[in-house]
Amino acid sequence: MRNGILTALLLLQAVLAAGAQTDTEHVRVTNLPHVYLETFSGQPITSKNIMILARMWYVDEQDNVTYYDSLQTRVRGNSTANLAKKPYKLKFQSKVKLLGKGRANTKKWTLLANHADKTLWRNALTSLMGEWTGLPFNPAAKFVDLTLNGEYIGNYQLSDQVDVRKYRVDVAEQDSHLTSASNITGGYLLEADGFADFTTQAQGPYGSPTGFYSRVIGAPVRIHYPDEDEIAPEQYSYIRGVVDDFEQRLFADNFRDPLTGYRQLVDSVSLVNWYLCTEICANVDGFFSTYFYKDRDDSRLYWGPLWDYDIAYNNDNRTDRGGTSNTERQLMKDYGYGGNRNGCRKWFHQMWNDPWFARLVNRRYKELVSNGLEDYLNEKIDSLVTLLDASQQLNYERWGINVRALRERILHSSYDRYVDDVRTFISRHLDFLSETFDALQTNDPVPGDEVNVPDFIADANSYYVIANGKTGTCFDVDMQTDELCARGRDDNSESQQWQITNLSNGYLFIVNRATGQALSDSSPAGSTATTNTGGSIMLAEADSTDVHQLWDFVRQVDGMYNIISRWSYHAANLNGGSAADGTRIISYTSDGRNASSSNRLWRIKKSETIVEDGMNSLAQDFALAYDPHQERLHFGADDLQALSFRVSIYDRAGRLAATFRASDGFMMSALPPGLYIISWNYNGRRESVKLTK
């Protein structure tokens with residue numbers, strides 16, 4: 001009897017489960033996922049300010065249906081909010097990981113209509129370019145079909161809201177209620193917002209404005225984080241002071257000075273990558289709406305994320321920019337919107353008056369081109385066109401492909417013609433940028449690049465070990481924390497081997513063999529040789545144009561050297577003179593004791609491993625393999641004893657994610673999905689491969 005009841009119960013459960021998985025009302029109509037959105041009252045969604053209740057069914061690529069009850073929705077956007085096909089904001093009752101692993105777990109998401117872009121993928125292509133250049137946050141581009149209140153309304157892009165959290169703008173979150181112990185130096189998310197969509201009047205529970213106009217040029221700056229109902233007066237005053245300090249230095253007479261000018265207040269890596277993405281796609285609104293942010297205990301402003309690129313790639317018919325709507329041979333720093341108190345274009349125009357910035361842009365642009373920028377963009381276009389083929393056809397049955405929605409420059413009767421326009425624009429515009437950046441780069445001397453007379457000439461084909469004159473412990477990298485320290489000599493350790501390069505200005509550039517990162521002095525501005533301001537020596541993404549990464553080896557007695565920072569003029573110092581492994585190496589006072597203080601004296605020795613032309617091929621064959629089912633990386637070789645070298649895994653932002661010995665392999669299941677660089681060094685040759693998990 002009991003077995004019969006149990007069998008019946010199991011059968012009932014199976015029937016109920018099968019019924020739960022079968023949803024004949026909510027199905028996909030193309031290869032894309034499908035979103036069904038219904039307001040509870042059936043009313044249209046028309047307001048940007050009033051949220052209305054709705055429910056949603058999400059049908060994924062495997063036809064699994066997920067139901068979300070009692071979410072809120074409203075219209076989003078500025079110009080696009082007034083179009084027939086509207087974009088929407090979604091706010092769920094609780095946090096949802098709507099796009100799976102490697103994406104945010106949050107309440108707020110967006111449905112972008114891309115109605116002004118006949119290709120539907122300009123935003124997505126730019127986000128992919130941002131990822132390829134190394135920008136740390138790039139909004140998601142999950143394409144779906146959308147049915148609203150029972151009516152199919154077209155192809156949409158399910159994407160992130162620009163806000164502060166993990167997998168979005170991942171800076172430190174501040175205390176929601178400040179105390180005397182609260183650290184208000186970060187994070188902050190800001191926007192140079194041409195619409196000035198903020199109030200300068202006190203509001204909310206803390207009585208703080210939500211934005212301000214910068215003091216020098218009056219650029220409108222909106223504070224997105226901390227949120228308007230949480231930002232306190234102290235936070236408002238602090239971040240306004242940071243932006244004003246940056247702007248005042250940028251427009252000061254000595255703005256080119258690497259010590260007192262604007263450079264020390266910007267992160268050069270995100271700055272140049274964001275700027276180039278804006279120029280490459282010719283986004284006329286790039287400086288009208290510009291996101292930037294600041295992290296905790298970091299004086300620099302970072303640039304990004306890239307956002308709102310539907311009128312980029314020559315897709316704006318306004319002619320009040322040099323008398324033409326064609327951006328093929330225009331720089332947005334000259335012709336984009338965002339000047340005259342409605343954006344930040346003047347900031348970048350002023351940076352171009354600094355030879356350092358011009359060289360930084362030109363050098364990075366040449367790197368992108370040589371790394372296959374045009375091929376990469378065309379490959380992504382191919383993938384997007386294939387992905388959206390069925391959906392775009394349905395979309396234009398609904399909206400018409402030759403009907404102007406906003407400011408499209410040219411109308412065609414076929415989707416392929418719009419795609420060809422973008423390809424042609426990219427090819428011609430990249431040629432224009434190559435010519436123009438070369439022409440704008442001057443040979444004017446750059447402050448901070450003055451010629452130094454070096455005491456040390458490095459062998460370009462050698463790695464070096466840097467050992468303390470007293471303890472013999474060596475410059476090393478803690479591969480778990482990615483921090484600089486001193487350890488006992490280990491001839492087999494690549495993390496103790498440094499490539500030292502004599503630059504044309506006479507200073508030295510020092511890069512670790514194992515990580516590819518450079519020594520960088522993080523001392524704050526205002527440091528002098530004889531004042532210790534608490535800075536430290538750290539590792540940073542290698543950039544020989546960054547004054548923090550320039551060093552001088554000053555010869556002292558018995559063949560030893562002081563290692564002096566060009567940035568702070570401090571000396572590298574073995575903290576406390578300790579011989580213990582893991583001892584910090586700090587940026588410390590440089591004075592008359594340099595010649596006698598053993599903590600500041602270092603021997604620079606060639607490593608036993610020498611990079612020679614004859615060693616640029618591997619001594620034996622081995623291969624790196626990835627098993628996607630087990631999510632395991634492993635090497636194979638004829639001689640397994642050769643797999644004694646260490647392997648580093650970097651995420652797409654260049655951060656060290658993990659290390660392992662080649663013979664051990666590594667389980668990638670420990671890391672979130674995304675793009676990774678797998679890098680190792682064997683017989684003096686650095687190898688790297690890209691892996692998408």
Side-chain angles (χ1 to χ4, degrees), residues 16-17 19-23 25-28 32-77 81 86-113 137 139-153 156-171 173-177 187 189 204-205 210 224-231 305 307 672-673:
L16 291 174
Q21 293 170 5
T22 303
D23 188 338
E25 290 185 57
H26 303 104
V27 296
R28 291 185 299 139
L32 298 182
H34 201 112
V35 170
Y36 290 84
L37 190 63
E38 291 183 4
T39 60
F40 278 106
S41 59
Q43 68 186 96
I45 308 167
T46 58
S47 173
K48 284 181 57 178
N49 302 311
I50 301 174
M51 285 280 199
I52 61 175
L53 286 174
R55 52 189 178 182
M56 188 181 106
W57 292 261
Y58 180 79
V59 188
D60 67 16
E61 292 92 337
Q62 287 74 44
D63 296 314
N64 298 309
V65 181
T66 305
Y67 174 66
Y68 300 95
D69 193 11
S70 299
L71 65 148
Q72 299 179 74
T73 182
R74 64 169 175 82
V75 176
R76 68 166 308 281
K86 299 184 184 302
Y88 301 104
K89 179 176 180 178
L90 305 177
K91 184 177 180 180
F92 293 84
Q93 277 188 314
S94 57
K95 294 179 179 180
V96 294
K97 214 170 182 63
L98 198 56
L99 298 184
K101 289 183 178 180
R103 285 295 178 181
N105 182 28
T106 181
K107 296 180 181 180
K108 297 177 182 179
W109 297 87
T110 63
L111 280 167
L112 302 180
F137 166 63
K142 184 73 170 181
F143 288 98
V144 300
D145 293 303
L146 177 63
T147 295
L148 175 61
N149 288 335
E151 180 183 7
Y152 173 79
I153 59 171
Y156 274 72
Q157 179 182 332
L158 185 57
S159 188
D160 293 282
Q161 174 83 4
V162 179
D163 59 9
V164 169
R165 64 186 59 255
K166 188 176 181 181
Y167 298 120
R168 290 190 174 173
V169 181
D170 195 3
V171 295
E173 295 189 37
Q174 298 201 45
D175 298 337
S176 56
H177 299 284
L189 173 61
T210 57
H224 285 274
Y225 181 84
D227 296 334
E228 62 182 30
D229 58 348
E230 293 183 352
I231 185 167
W307 185 256

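Worth saying up front: this structure is predicted, and the values here are computed from it rather than measured.
Both cation-pi conditions hold for Arg168 and Trp109: the charged atom is under 6.0 angstrom from the six-membered ring centre and inside a 45 degree cone around its axis.
For Lys95, the NZ atom counts as loosely surrounded, since its 6.0 Å shell holds 12 or fewer non-hydrogen atoms of other residues, nucleotides or ligands.
Partners of Thr106 under the side chain to side chain donor-acceptor pair (under 3.5 Å) rule, at least two apart in sequence or in another chain, are Arg165. Ser94 is linked by a side chain to side chain donor-acceptor pair (under 3.5 Å) to nothing, counting only residues two or more places apart in sequence or in another chain.
Using modelled atom types, one side-chain atom of Lys86 and one backbone atom of Ala81 make a donor-acceptor pair closer than 3.5 Å. Side-chain atoms of Gln161 never come within 3.5 Å of backbone atoms of Thr110 as a donor-acceptor pair (strictly under, hydrogens ignored). Of the possible donor and acceptor atoms, one in the side chain of Arg28 sits under 3.5 Å from a partner among the backbone N and O of Glu61. Checked by atom type and distance alone, the side chain of Lys48 pairs as donor or acceptor with a backbone atom of Gly77 at under 3.5 Å.
Once rounded to the nearest 0.5 Å, the distance linking NZ of Lys89 with CD1 of Ile45 reads 13.5 Å. With rounding to the nearest 0.5 Å, the separation of CG in Leu112 from CD in Gln157 is 5.0 Å. The CG atom of Asp227 sits 8.0 Å away from the CG atom of Asp163 when rounded to the nearest 0.5 Å.
The aromatic rings of Tyr36 and His26 sit perpendicular, their planes meeting at an angle over 60°, well past the 30° parallel limit. Taking the six-membered ring where tryptophan is involved, the planes of His34 and Tyr152 are tilted, since the angle between them lies from 30° to 60°.
Between Leu32 and Asp145, the shortest heavy-atom distance links the atoms CB-OD2, 3.9 Å.
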